[in-house]
Novice: 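Take a look at the following structure, please.
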Amino acid sequence: MLQIRKLNFAYGDLQVLWDVDLEVKQGEIVTVVGANGAGKSTILRNVSRLVRPASGSITFEGHELSHVPSHKVVEMGIVQVPEARRIFPEMTVTENLRMGSFVKATRKDRERNMERVFSLFPRLAERKSQLGGTMSGGEQQMLAIGRGLMGNPRVMLLDEPSLGLSPLLVRNIFEIIKEINRQGTTILLVEQNVYQSLRISHRAYVLETGRVVLSGPGAELLDNAHVKKAFLGI
Amino acid sequence: MTVFLQSVISGILVGGIYALIGIGLTIIFGVMRVINFAHGDLLMLGMYTTWLVFSRLGIDPFVSVVITGPVLFLWGAFLQKTFINRVLNALPQNQILLTIGLGLIMSNSIMLMFTSDYRILTTTYSSSSFSLGGISISEPLLVGFLITAAITGALYWFLLRTDTGQAIRATAQDRDAAQLMGINVQAMSVLAFGIGSALAGVAGALISPTYYIFPQVGSTFTLKAFVIVVLGGMGSVIGATLGGLIIGVTESLSAVYIASGLKELVVFVLFLGLLLFKPSGLLGKTRA
Ligand SMILES: Nc1ncnc2c1ncn2[C@@H]1O[C@H](COP(=O)(O)OP(=O)(O)OP(=O)(O)O)[C@@H](O)[C@H]1O
Ligand SMILES: [Mg+2]
(Lines give C-alpha, C1' and ligand atoms only; values in the text may rest on other atoms or scores of the structure.)
(Ligands and ions follow the chains in the order given, each with its own letter.)
Protein backbone atom coordinates (compact mmCIF):
# COMPACT_ATOMS: atom_id res chain seq x y z
CA MET A 1 0.00 0.00 0.00
CA LEU A 2 2.70 2.47 1.09
CA GLN A 3 6.17 1.85 -0.23
CA ILE A 4 9.37 3.74 0.57
CA ARG A 5 12.44 2.90 -1.48
CA LYS A 6 16.01 4.08 -1.01
CA LEU A 7 14.91 7.26 0.73
CA ASN A 8 17.73 9.72 1.43
CA PHE A 9 17.10 12.97 3.19
CA ALA A 10 19.25 15.78 4.57
CA TYR A 11 18.59 18.91 6.59
CA GLY A 12 21.08 21.17 4.84
CA ASP A 13 24.42 19.37 5.04
CA LEU A 14 23.26 16.97 7.73
CA GLN A 15 22.14 13.72 6.18
CA VAL A 16 19.43 12.24 8.38
CA LEU A 17 18.05 9.29 6.37
CA TRP A 18 20.21 6.79 4.46
CA ASP A 19 18.66 4.47 1.86
CA VAL A 20 15.58 3.76 3.95
CA ASP A 21 13.37 0.96 2.58
CA LEU A 22 10.02 0.45 4.21
CA GLU A 23 6.70 -1.06 3.27
CA VAL A 24 3.24 -0.96 4.79
CA LYS A 25 0.63 -3.40 3.51
CA GLN A 26 -3.09 -2.90 3.66
CA GLY A 27 -4.51 -3.69 7.09
CA GLU A 28 -1.18 -3.82 8.89
CA ILE A 29 0.19 -2.06 11.92
CA VAL A 30 3.82 -1.31 11.06
CA THR A 31 6.10 0.33 13.60
CA VAL A 32 9.41 2.14 13.27
CA VAL A 33 11.32 2.13 16.55
CA GLY A 34 14.48 4.06 17.22
CA ALA A 35 16.20 6.31 19.70
CA ASN A 36 15.95 10.12 19.87
CA GLY A 37 17.17 11.68 16.68
CA ALA A 38 17.23 8.43 14.70
CA GLY A 39 15.12 10.04 11.99
CA LYS A 40 11.68 8.54 12.71
CA SER A 41 9.75 11.79 12.44
CA THR A 42 11.72 12.70 9.35
CA ILE A 43 10.41 9.60 7.58
CA LEU A 44 6.82 10.61 8.34
CA ARG A 45 7.46 14.22 7.32
CA ASN A 46 8.73 12.92 3.99
CA VAL A 47 5.63 10.77 3.48
CA SER A 48 3.36 13.73 4.25
CA ARG A 49 5.49 15.85 1.92
CA LEU A 50 6.21 18.53 4.51
CA VAL A 51 9.83 18.14 3.36
CA ARG A 52 11.35 17.01 0.06
CA PRO A 53 13.73 14.05 -0.07
CA ALA A 54 17.18 14.21 -1.66
CA SER A 55 16.53 10.96 -3.50
CA GLY A 56 14.45 7.82 -3.39
CA SER A 57 10.79 7.19 -3.98
CA ILE A 58 7.62 7.05 -1.94
CA THR A 59 4.58 5.48 -3.56
CA PHE A 60 1.04 5.07 -2.29
CA GLU A 61 -0.97 2.40 -4.08
CA GLY A 62 1.36 2.71 -7.02
CA HIS A 63 1.18 6.52 -7.20
CA GLU A 64 4.51 8.26 -6.90
CA LEU A 65 4.21 11.06 -4.34
CA SER A 66 7.23 13.09 -5.44
CA HIS A 67 5.11 15.71 -7.23
CA VAL A 68 2.12 15.64 -4.94
CA PRO A 69 1.71 18.66 -2.63
CA SER A 70 1.08 17.90 1.02
CA HIS A 71 -2.61 18.79 1.01
CA LYS A 72 -3.20 16.33 -1.84
CA VAL A 73 -1.45 13.60 0.11
CA VAL A 74 -4.13 14.04 2.77
CA GLU A 75 -6.83 13.88 0.10
CA MET A 76 -5.38 10.53 -1.00
CA GLY A 77 -6.04 9.19 2.50
CA ILE A 78 -2.62 9.48 4.15
CA VAL A 79 -3.30 11.26 7.44
CA GLN A 80 -0.56 12.10 9.93
CA VAL A 81 -1.01 12.61 13.66
CA PRO A 82 2.17 14.61 14.26
CA GLU A 83 4.70 14.52 17.04
CA ALA A 84 3.78 16.73 20.02
CA ARG A 85 0.11 16.58 18.93
CA ARG A 86 0.08 20.01 17.26
CA ILE A 87 -3.48 20.77 18.33
CA PHE A 88 -4.78 24.16 17.17
CA PRO A 89 -4.45 25.89 20.52
CA GLU A 90 -7.09 28.57 20.05
CA MET A 91 -9.73 26.34 18.62
CA THR A 92 -12.23 24.32 20.59
CA VAL A 93 -12.31 20.54 20.60
CA THR A 94 -15.16 20.59 18.09
CA GLU A 95 -13.36 23.06 15.82
CA ASN A 96 -10.18 20.98 15.94
CA LEU A 97 -12.18 17.92 14.93
CA ARG A 98 -13.89 19.86 12.14
CA MET A 99 -10.47 20.81 10.77
CA GLY A 100 -9.68 17.10 10.66
CA SER A 101 -12.38 16.78 8.03
CA PHE A 102 -11.40 19.83 6.01
CA VAL A 103 -10.92 17.68 2.91
CA LYS A 104 -14.15 18.04 0.90
CA ALA A 105 -14.74 14.32 0.37
CA THR A 106 -14.72 13.73 4.14
CA ARG A 107 -17.15 16.49 5.11
CA LYS A 108 -20.25 14.43 4.43
CA ASP A 109 -19.09 11.92 7.07
CA ARG A 110 -18.40 14.64 9.62
CA GLU A 111 -21.27 13.89 12.01
CA ARG A 112 -20.73 10.14 11.89
CA ASN A 113 -16.96 10.47 12.37
CA MET A 114 -17.45 12.83 15.26
CA GLU A 115 -19.71 10.28 16.96
CA ARG A 116 -17.05 7.65 16.35
CA VAL A 117 -14.35 9.85 17.91
CA PHE A 118 -16.54 10.60 20.93
CA SER A 119 -17.24 6.93 21.46
CA LEU A 120 -13.52 6.09 21.28
CA PHE A 121 -12.67 9.04 23.57
CA PRO A 122 -15.65 9.82 25.84
CA ARG A 123 -13.47 12.41 27.58
CA LEU A 124 -13.52 14.57 24.45
CA ALA A 125 -17.32 14.50 24.36
CA GLU A 126 -17.37 16.11 27.81
CA ARG A 127 -15.10 18.92 26.65
CA LYS A 128 -16.45 19.89 23.27
CA SER A 129 -16.09 23.62 23.79
CA GLN A 130 -12.78 23.65 25.66
CA LEU A 131 -9.89 25.35 23.85
CA GLY A 132 -7.31 22.86 22.57
CA GLY A 133 -4.43 24.77 24.12
CA THR A 134 -5.85 24.44 27.63
CA MET A 135 -6.17 20.65 27.57
CA SER A 136 -3.84 18.22 29.33
CA GLY A 137 -1.22 16.32 27.36
CA GLY A 138 -3.26 13.13 27.40
CA GLU A 139 -6.42 14.88 26.30
CA GLN A 140 -4.53 16.62 23.51
CA GLN A 141 -3.24 13.26 22.32
CA MET A 142 -6.78 11.89 22.22
CA LEU A 143 -7.86 14.99 20.31
CA ALA A 144 -4.95 14.65 17.88
CA ILE A 145 -5.85 11.04 17.12
CA GLY A 146 -9.53 11.93 16.92
CA ARG A 147 -8.75 14.80 14.54
CA GLY A 148 -6.80 12.36 12.38
CA LEU A 149 -9.73 9.93 12.28
CA MET A 150 -12.03 12.71 11.05
CA GLY A 151 -10.16 12.61 7.73
CA ASN A 152 -11.21 9.02 6.88
CA PRO A 153 -7.58 7.88 6.82
CA ARG A 154 -6.68 4.87 4.72
CA VAL A 155 -3.23 4.96 6.29
CA MET A 156 -2.73 6.73 9.57
CA LEU A 157 0.80 7.91 10.42
CA LEU A 158 1.20 8.19 14.19
CA ASP A 159 4.29 9.95 15.57
CA GLU A 160 5.05 8.93 19.16
CA PRO A 161 1.47 8.96 20.44
CA SER A 162 2.58 7.65 23.84
CA LEU A 163 5.07 10.45 24.51
CA GLY A 164 4.56 12.14 27.85
CA LEU A 165 1.54 10.09 28.91
CA SER A 166 1.01 8.30 32.20
CA PRO A 167 1.60 4.51 32.11
CA LEU A 168 -2.13 3.86 32.34
CA LEU A 169 -2.87 6.21 29.47
CA VAL A 170 -0.05 4.67 27.43
CA ARG A 171 -1.69 1.23 27.63
CA ASN A 172 -4.97 2.85 26.75
CA ILE A 173 -3.59 4.62 23.67
CA PHE A 174 -2.06 1.39 22.31
CA GLU A 175 -5.38 -0.42 22.85
CA ILE A 176 -7.11 2.31 20.89
CA ILE A 177 -4.57 2.12 18.06
CA LYS A 178 -5.26 -1.61 17.85
CA GLU A 179 -8.98 -0.91 17.81
CA ILE A 180 -8.63 1.69 15.03
CA ASN A 181 -6.66 -0.83 13.02
CA ARG A 182 -9.28 -3.53 13.68
CA GLN A 183 -11.91 -1.15 12.32
CA GLY A 184 -10.02 -1.09 9.01
CA THR A 185 -7.35 1.64 9.09
CA THR A 186 -3.80 0.73 8.17
CA ILE A 187 -1.26 2.13 10.63
CA LEU A 188 2.33 3.32 10.37
CA LEU A 189 3.48 4.01 13.90
CA VAL A 190 6.68 5.64 15.07
CA GLU A 191 7.60 4.96 18.69
CA GLN A 192 10.22 4.95 21.39
CA ASN A 193 8.04 2.81 23.61
CA VAL A 194 9.49 -0.30 22.02
CA TYR A 195 7.82 -2.93 24.18
CA GLN A 196 4.24 -1.69 23.86
CA SER A 197 4.49 -0.82 20.19
CA LEU A 198 6.14 -4.06 19.06
CA ARG A 199 3.49 -6.00 20.96
CA ILE A 200 0.68 -4.59 18.82
CA SER A 201 2.61 -4.50 15.51
CA HIS A 202 2.36 -6.95 12.66
CA ARG A 203 5.78 -5.89 11.46
CA ALA A 204 8.42 -3.43 12.59
CA TYR A 205 11.63 -1.71 11.58
CA VAL A 206 14.51 -0.68 13.80
CA LEU A 207 16.06 2.64 12.78
CA GLU A 208 19.53 3.64 13.97
CA THR A 209 21.04 7.00 12.97
CA GLY A 210 18.97 7.12 9.82
CA ARG A 211 19.48 3.54 8.68
CA VAL A 212 17.14 0.55 8.91
CA VAL A 213 19.21 -2.03 10.77
CA LEU A 214 16.59 -4.68 11.47
CA SER A 215 13.09 -5.56 10.38
CA GLY A 216 10.61 -8.36 10.92
CA PRO A 217 7.40 -9.33 12.68
CA GLY A 218 6.80 -7.40 15.90
CA ALA A 219 6.86 -10.46 18.14
CA GLU A 220 10.09 -11.66 16.57
CA LEU A 221 11.84 -8.36 17.12
CA LEU A 222 10.72 -8.37 20.76
CA ASP A 223 12.80 -11.53 21.13
CA ASN A 224 15.75 -10.23 19.18
CA ALA A 225 18.96 -9.98 21.22
CA HIS A 226 19.98 -6.64 19.72
CA VAL A 227 16.57 -5.07 20.35
CA LYS A 228 16.55 -6.41 23.91
CA LYS A 229 19.95 -4.96 24.58
CA ALA A 230 19.50 -1.62 22.83
CA PHE A 231 15.94 -0.76 23.80
CA LEU A 232 14.57 -2.98 26.49
CA GLY A 233 17.55 -2.99 28.82
CA ILE A 234 17.55 -6.78 29.14
CA MET B 1 -20.63 65.69 30.00
CA THR B 2 -22.06 66.36 26.54
CA VAL B 3 -18.63 67.23 25.27
CA PHE B 4 -17.26 64.01 26.70
CA LEU B 5 -20.03 61.89 25.20
CA GLN B 6 -19.68 63.77 21.95
CA SER B 7 -16.01 62.97 21.64
CA VAL B 8 -16.40 59.36 22.75
CA ILE B 9 -19.01 58.84 20.05
CA SER B 10 -16.96 60.46 17.29
CA GLY B 11 -14.02 58.42 18.54
CA ILE B 12 -15.97 55.20 18.21
CA LEU B 13 -17.18 56.12 14.74
CA VAL B 14 -13.63 56.73 13.53
CA GLY B 15 -12.32 53.83 15.62
CA GLY B 16 -14.55 51.40 13.74
CA ILE B 17 -12.71 52.25 10.54
CA TYR B 18 -9.35 52.03 12.29
CA ALA B 19 -10.43 48.59 13.45
CA LEU B 20 -11.03 47.55 9.85
CA ILE B 21 -7.50 48.65 8.92
CA GLY B 22 -6.04 46.85 11.93
CA ILE B 23 -7.99 43.63 11.32
CA GLY B 24 -6.60 43.46 7.79
CA LEU B 25 -3.03 43.86 9.00
CA THR B 26 -3.48 41.36 11.83
CA ILE B 27 -4.95 38.67 9.56
CA ILE B 28 -2.01 39.04 7.20
CA PHE B 29 0.43 38.88 10.10
CA GLY B 30 -1.38 35.95 11.71
CA VAL B 31 -1.33 33.76 8.63
CA MET B 32 2.05 34.72 7.19
CA ARG B 33 4.05 36.19 10.09
CA VAL B 34 4.84 39.04 7.73
CA ILE B 35 4.28 42.64 8.77
CA ASN B 36 2.77 44.39 5.80
CA PHE B 37 4.37 47.82 5.67
CA ALA B 38 2.45 48.50 2.47
CA HIS B 39 -0.85 48.33 4.34
CA GLY B 40 -1.47 52.08 4.34
CA ASP B 41 -0.63 52.22 0.65
CA LEU B 42 -3.31 49.63 -0.03
CA LEU B 43 -5.69 51.92 1.83
CA MET B 44 -4.45 54.78 -0.35
CA LEU B 45 -5.23 52.70 -3.47
CA GLY B 46 -8.70 52.19 -2.02
CA MET B 47 -9.08 55.96 -1.69
CA TYR B 48 -7.96 56.59 -5.26
CA THR B 49 -10.21 53.84 -6.62
CA THR B 50 -13.10 55.45 -4.78
CA TRP B 51 -12.15 58.91 -6.00
CA LEU B 52 -11.87 57.66 -9.59
CA VAL B 53 -15.23 55.91 -9.72
CA PHE B 54 -16.78 58.93 -7.99
CA SER B 55 -15.30 61.60 -10.26
CA ARG B 56 -15.52 59.63 -13.52
CA LEU B 57 -18.63 57.54 -13.04
CA GLY B 58 -20.38 59.42 -10.29
CA ILE B 59 -20.61 56.39 -8.02
CA ASP B 60 -21.15 57.27 -4.37
CA PRO B 61 -18.13 56.43 -2.15
CA PHE B 62 -20.19 54.26 0.18
CA VAL B 63 -21.68 52.35 -2.73
CA SER B 64 -18.27 52.04 -4.35
CA VAL B 65 -17.20 49.75 -1.50
CA VAL B 66 -18.55 46.90 -3.62
CA ILE B 67 -16.00 47.86 -6.30
CA THR B 68 -13.07 48.92 -4.10
CA GLY B 69 -13.24 45.76 -1.96
CA PRO B 70 -12.99 43.24 -4.83
CA VAL B 71 -10.42 45.31 -6.74
CA LEU B 72 -8.12 45.50 -3.72
CA PHE B 73 -8.76 41.83 -2.94
CA LEU B 74 -7.48 40.83 -6.38
CA TRP B 75 -4.54 43.24 -6.14
CA GLY B 76 -3.57 41.87 -2.71
CA ALA B 77 -3.90 38.27 -3.88
CA PHE B 78 -1.67 39.12 -6.82
CA LEU B 79 0.96 40.74 -4.57
CA GLN B 80 0.96 37.71 -2.30
CA LYS B 81 1.26 35.21 -5.16
CA THR B 82 4.00 37.04 -7.03
CA PHE B 83 6.05 38.67 -4.26
CA ILE B 84 5.26 37.95 -0.63
CA ASN B 85 5.09 34.19 -1.16
CA ARG B 86 8.77 34.18 -2.08
CA VAL B 87 9.93 35.64 1.21
CA LEU B 88 7.81 33.64 3.66
CA ASN B 89 10.89 31.80 4.91
CA ALA B 90 13.25 34.74 4.54
CA LEU B 91 14.70 36.86 7.34
CA PRO B 92 12.26 39.40 8.83
CA GLN B 93 14.34 42.35 7.63
CA ASN B 94 14.06 41.11 4.04
CA GLN B 95 10.31 40.77 4.38
CA ILE B 96 10.11 44.29 5.76
CA LEU B 97 12.21 45.66 2.88
CA LEU B 98 9.96 43.92 0.38
CA THR B 99 6.69 45.27 1.77
CA ILE B 100 8.15 48.77 2.22
CA GLY B 101 9.36 48.61 -1.38
CA LEU B 102 5.97 47.51 -2.66
CA GLY B 103 4.39 50.38 -0.75
CA LEU B 104 6.79 52.89 -2.30
CA ILE B 105 6.09 51.56 -5.77
CA MET B 106 2.37 51.93 -5.19
CA SER B 107 2.50 55.47 -3.82
CA ASN B 108 4.96 56.67 -6.46
CA SER B 109 3.01 55.10 -9.32
CA ILE B 110 -0.08 56.90 -8.10
CA MET B 111 1.90 60.13 -7.88
CA LEU B 112 3.09 59.61 -11.46
CA MET B 113 -0.45 59.04 -12.67
CA PHE B 114 -2.35 61.60 -10.65
CA THR B 115 0.36 64.04 -9.39
CA SER B 116 0.76 64.71 -5.69
CA ASP B 117 -2.17 67.13 -5.58
CA TYR B 118 -4.51 66.82 -2.65
CA ARG B 119 -7.90 65.63 -3.80
CA ILE B 120 -11.12 66.20 -1.99
CA LEU B 121 -14.10 64.08 -2.62
CA THR B 122 -17.07 66.33 -1.91
CA THR B 123 -20.40 64.65 -1.57
CA THR B 124 -23.67 66.30 -0.66
CA TYR B 125 -23.36 64.80 2.80
CA SER B 126 -19.61 65.29 3.37
CA SER B 127 -20.15 67.79 6.15
CA SER B 128 -23.74 67.08 7.14
CA SER B 129 -24.59 65.89 10.58
CA PHE B 130 -27.63 65.42 12.73
CA SER B 131 -28.24 65.96 16.39
CA LEU B 132 -29.24 63.29 18.85
CA GLY B 133 -29.92 64.42 22.43
CA GLY B 134 -27.59 67.37 22.07
CA ILE B 135 -24.83 65.27 20.49
CA SER B 136 -24.02 65.98 16.89
CA ILE B 137 -23.26 62.96 14.77
CA SER B 138 -21.50 63.23 11.42
CA GLU B 139 -23.54 61.46 8.76
CA PRO B 140 -20.68 60.18 6.59
CA LEU B 141 -18.89 58.86 9.68
CA LEU B 142 -22.04 57.14 10.92
CA VAL B 143 -22.75 55.50 7.57
CA GLY B 144 -19.08 54.50 7.36
CA PHE B 145 -19.28 53.01 10.82
CA LEU B 146 -22.41 51.02 10.02
CA ILE B 147 -20.82 49.59 6.88
CA THR B 148 -17.71 48.78 8.92
CA ALA B 149 -19.78 47.03 11.55
CA ALA B 150 -21.57 44.96 8.91
CA ILE B 151 -18.29 43.98 7.25
CA THR B 152 -16.64 43.15 10.57
CA GLY B 153 -19.65 41.03 11.54
CA ALA B 154 -19.55 39.17 8.24
CA LEU B 155 -15.81 38.62 8.63
CA TYR B 156 -16.20 37.19 12.13
CA TRP B 157 -18.90 34.87 10.84
CA PHE B 158 -16.65 33.79 7.98
CA LEU B 159 -13.65 33.14 10.25
CA LEU B 160 -15.61 31.36 12.96
CA ARG B 161 -18.27 29.43 11.09
CA THR B 162 -17.10 28.45 7.62
CA ASP B 163 -14.60 25.72 6.77
CA THR B 164 -12.44 28.12 4.78
CA GLY B 165 -12.48 30.72 7.54
CA GLN B 166 -11.52 28.10 10.11
CA ALA B 167 -8.78 26.89 7.80
CA ILE B 168 -7.35 30.43 7.72
CA ARG B 169 -7.29 30.45 11.52
CA ALA B 170 -5.79 26.97 11.62
CA THR B 171 -3.05 28.06 9.22
CA ALA B 172 -2.30 31.04 11.47
CA GLN B 173 -2.13 28.85 14.58
CA ASP B 174 0.02 26.05 13.19
CA ARG B 175 1.05 26.05 9.55
CA ASP B 176 2.47 22.51 9.47
CA ALA B 177 -0.48 21.01 11.32
CA ALA B 178 -2.81 22.82 8.92
CA GLN B 179 -1.03 21.18 6.00
CA LEU B 180 -1.55 17.81 7.66
CA MET B 181 -5.31 18.51 7.67
CA GLY B 182 -5.23 18.79 3.89
CA ILE B 183 -5.36 22.57 3.96
CA ASN B 184 -3.59 24.25 1.04
CA VAL B 185 -1.70 26.80 3.12
CA GLN B 186 -0.41 28.64 0.05
CA ALA B 187 -3.98 29.24 -1.07
CA MET B 188 -4.89 30.37 2.46
CA SER B 189 -2.02 32.87 2.36
CA VAL B 190 -3.27 34.31 -0.91
CA LEU B 191 -6.77 34.50 0.51
CA ALA B 192 -5.54 36.14 3.72
CA PHE B 193 -3.55 38.79 1.89
CA GLY B 194 -6.50 39.40 -0.42
CA ILE B 195 -8.87 39.84 2.52
CA GLY B 196 -6.38 42.09 4.33
CA SER B 197 -5.99 44.33 1.29
CA ALA B 198 -9.72 44.39 0.65
CA LEU B 199 -10.32 45.56 4.23
CA ALA B 200 -7.69 48.29 3.84
CA GLY B 201 -9.23 49.31 0.53
CA VAL B 202 -12.74 49.42 1.98
CA ALA B 203 -11.47 51.51 4.88
CA GLY B 204 -9.94 53.86 2.32
CA ALA B 205 -13.27 54.12 0.53
CA LEU B 206 -15.13 54.82 3.76
CA ILE B 207 -12.84 57.64 4.89
CA SER B 208 -12.54 59.28 1.48
CA PRO B 209 -15.51 61.64 2.00
CA THR B 210 -13.82 63.02 5.13
CA TYR B 211 -10.05 62.89 4.42
CA TYR B 212 -7.68 64.45 1.94
CA ILE B 213 -6.62 62.03 -0.78
CA PHE B 214 -2.95 62.16 -1.83
CA PRO B 215 -0.30 59.57 -2.78
CA GLN B 216 1.54 59.62 0.56
CA VAL B 217 -1.54 59.38 2.74
CA GLY B 218 -0.76 55.70 3.39
CA SER B 219 2.21 56.11 5.70
CA THR B 220 0.23 57.55 8.63
CA PHE B 221 -2.23 54.70 8.29
CA THR B 222 0.47 52.05 8.15
CA LEU B 223 1.81 53.39 11.42
CA LYS B 224 -1.66 53.60 12.92
CA ALA B 225 -2.51 50.06 11.81
CA PHE B 226 0.72 48.81 13.33
CA VAL B 227 -0.03 50.49 16.66
CA ILE B 228 -3.56 49.03 16.65
CA VAL B 229 -2.34 45.54 15.94
CA VAL B 230 0.43 45.58 18.51
CA LEU B 231 -1.91 47.11 21.06
CA GLY B 232 -4.51 44.40 20.50
CA GLY B 233 -1.99 41.57 20.32
CA MET B 234 -0.30 40.54 17.07
CA GLY B 235 -2.54 38.21 15.10
CA SER B 236 -5.64 38.68 17.24
CA VAL B 237 -8.70 39.80 15.26
CA ILE B 238 -10.68 40.66 18.39
CA GLY B 239 -7.62 42.51 19.69
CA ALA B 240 -7.41 44.58 16.50
CA THR B 241 -11.13 45.39 16.73
CA LEU B 242 -10.72 46.62 20.30
CA GLY B 243 -7.41 48.31 19.46
CA GLY B 244 -9.01 50.30 16.65
CA LEU B 245 -11.84 51.51 18.87
CA ILE B 246 -9.46 52.40 21.70
CA ILE B 247 -7.18 54.40 19.40
CA GLY B 248 -10.16 56.18 17.86
CA VAL B 249 -11.57 57.19 21.25
CA THR B 250 -8.16 58.14 22.64
CA GLU B 251 -7.45 60.40 19.68
CA SER B 252 -10.81 62.02 19.91
CA LEU B 253 -10.65 62.59 23.69
CA SER B 254 -7.13 63.99 23.59
CA ALA B 255 -8.03 66.30 20.74
CA VAL B 256 -10.76 67.77 22.92
CA TYR B 257 -9.14 67.72 26.36
CA ILE B 258 -5.45 68.17 25.56
CA ALA B 259 -4.77 69.64 22.16
CA SER B 260 -5.77 68.53 18.74
CA GLY B 261 -2.15 68.66 17.56
CA LEU B 262 -1.10 66.31 20.35
CA LYS B 263 -3.58 63.51 19.81
CA GLU B 264 -1.09 61.28 18.00
CA LEU B 265 1.44 61.85 20.77
CA VAL B 266 -1.09 60.79 23.40
CA VAL B 267 -1.79 57.63 21.41
CA PHE B 268 1.89 56.74 21.34
CA VAL B 269 2.36 57.42 25.03
CA LEU B 270 -0.61 55.19 25.81
CA PHE B 271 0.77 52.59 23.43
CA LEU B 272 4.27 52.54 24.95
CA GLY B 273 2.78 52.56 28.44
CA LEU B 274 0.69 49.50 27.73
CA LEU B 275 3.58 47.64 26.13
CA LEU B 276 5.65 48.30 29.22
CA PHE B 277 3.16 46.35 31.31
CA LYS B 278 1.85 43.89 28.75
CA PRO B 279 4.36 43.41 25.95
CA SER B 280 2.15 40.92 24.14
CA GLY B 281 -0.68 43.43 23.76
CA LEU B 282 -4.20 43.34 25.15
CA LEU B 283 -5.21 39.93 23.85
CA GLY B 284 -1.87 38.66 22.63
CA LYS B 285 -0.33 35.39 23.66
CA THR B 286 3.23 35.41 24.85
CA ARG B 287 4.89 33.18 22.32
CA ALA B 288 7.92 31.06 22.95
N1 LIG C 1 14.40 21.24 11.15
C2 LIG C 1 15.56 20.61 11.35
N3 LIG C 1 16.73 21.17 10.99
C4 LIG C 1 17.90 20.55 11.17
N5 LIG C 1 18.02 19.32 11.70
C6 LIG C 1 16.90 18.69 12.09
C7 LIG C 1 15.62 19.30 11.94
N8 LIG C 1 14.68 18.44 12.41
C9 LIG C 1 15.36 17.36 12.84
N10 LIG C 1 16.68 17.49 12.65
C11 LIG C 1 17.72 16.51 12.96
O12 LIG C 1 17.45 15.35 12.22
C13 LIG C 1 17.70 14.19 12.99
C14 LIG C 1 16.48 13.29 12.97
O15 LIG C 1 15.41 13.97 13.60
P16 LIG C 1 13.98 13.32 13.82
O17 LIG C 1 13.13 14.36 14.38
O18 LIG C 1 13.55 12.66 12.57
O19 LIG C 1 14.29 12.22 14.90
P20 LIG C 1 13.31 11.27 15.69
O21 LIG C 1 13.75 9.89 15.46
O22 LIG C 1 11.92 11.60 15.36
O23 LIG C 1 13.63 11.68 17.19
P24 LIG C 1 12.66 11.81 18.46
O25 LIG C 1 12.41 10.44 18.94
O26 LIG C 1 13.45 12.62 19.44
O27 LIG C 1 11.43 12.50 18.00
C28 LIG C 1 18.11 14.68 14.36
O29 LIG C 1 19.51 14.60 14.44
C30 LIG C 1 17.65 16.09 14.41
O31 LIG C 1 18.50 16.88 15.21
MG1 LIG D 1 10.40 12.41 16.36
Side-chain angles (χ1 to χ4, degrees), chain A residues 41 44-45 47-51 68-92 94-108 110 129 131-134 140 143-153 156-159, chain B residues 23 26-27 29-31 33 81 85 88-91 156-192 232-242 280-288:
Chain A
S41 302
L44 298 191
R45 290 174 64 80
V47 176
S48 289
R49 305 273 309 146
L50 294 177
V51 292
V68 181
S70 57
H71 63 275
K72 295 275 185 210
V73 170
V74 183
E75 286 172 18
M76 293 167 84
I78 305 178
V79 176
Q80 180 176 162
V81 178
E83 187 167 27
R85 313 133 181 39
R86 306 294 283 268
I87 293 303
F88 300 114
E90 310 206 16
M91 288 185 158
T92 63
T94 314
E95 286 178 317
N96 266 283
L97 292 175
R98 277 175 59 95
M99 280 296 97
S101 57
F102 178 78
V103 170
K104 281 220 173 63
T106 66
R107 289 184 196 169
K108 61 176 186 333
R110 203 169 248 170
S129 46
L131 287 184
T134 65
Q140 286 191 359
L143 182 54
I145 296 176
R147 190 178 62 175
L149 288 173
M150 294 295 295
N152 288 341
M156 199 169 198
L157 316 177
L158 289 157
D159 196 339
Chain B
I23 293 171
T26 218
I27 289 179
F29 176 80
V31 171
R33 305 283 150 203
K81 247 191 143 109
N85 213 4
L88 286 190
N89 297 313
L91 296 169
Y156 272 84
W157 175 82
F158 170 72
L159 290 174
L160 291 171
R161 293 275 172 265
T162 66
D163 279 298
T164 310
Q166 289 188 333
I168 289 182
R169 287 163 59 215
T171 307
Q173 291 174 31
D174 191 327
R175 207 174 171 86
D176 274 1
Q179 272 180 286
L180 294 177
M181 302 297 111
I183 294 169
N184 182 347
V185 296
Q186 246 95 30
M188 291 305 141
S189 302
V190 172
L191 193 57
M234 304 282 283
S236 163
V237 174
I238 301 176
T241 315
L242 282 178
S280 56
L282 290 174
L283 297 177
K285 302 277 173 300
T286 0
R287 276 177 218 282

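So you know, we letter chains A, B, ... as the sequences are listed, proteins then strands, and number each from 1.
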Novice: Applying a heavy-atom distance below 4.5 Å, give me the residues of residues 72-82 of chain A that approach chain B, sorted by number.
Specialist: A/V74, A/Q80, A/P82
Novice: Relative to chain B, which segment of A/P69 carries a heavy atom at a distance below 4.5 Å: side chain, backbone, both, or neither?
Specialist: neither
Novice: Given heavy-atom pairs under 4.5 angstrom as the criterion, report whether the side chain, backbone, both or neither of A/R45 touches chain B.
Specialist: side chain
Novice: Taking all heavy atoms of A/F102 and all of B/I183, pick out the closest pair and write down the distance.
Specialist: CD2-CG1, 3.5 Å
Novice: Can you sort out the partners of B/S236 under side chain to side chain contact (heavy atoms under 4.5 Å, CB included), two or more places apart, ordered by chain and number?
Specialist: B/I238, B/L283
Novice: Measure the CG-CE distance between A/N96 and B/M181 for me, rounded to the nearest 0.5 Å.
Specialist: 8.0 Å
Novice: Once you round to the nearest 0.5 Å, how far does CG of B/L180 lie from CE of A/M99?
Specialist: 13.5 Å
Novice: Quick check against the 3.5 Å criterion: does B/Q173 have a side-chain atom that pairs as donor or acceptor with the backbone of A/E90?
Specialist: yes
Novice: With sequence neighbours left out, write down each residue that passes side chain to side chain contact (heavy atoms under 4.5 Å, CB included) with A/A84, or none if nothing qualifies.
Specialist: none
Novice: Under the side chain to side chain contact (heavy atoms under 4.5 Å, CB included) rule, collect the residues that match up with B/D174, sequence neighbours excluded.
Specialist: A/R86, A/F88, B/D176, B/A177
Novice: So which part of B/R161 gets closer than 4.5 Å to some heavy atom of chain A, the side chain, the backbone, both or neither?
Specialist: backbone
Novice: Out of A/T106, A/L157, A/I87, A/L50, return the one with the most heavy atom pairs under 4.5 angstrom to chain B.
Specialist: A/L50
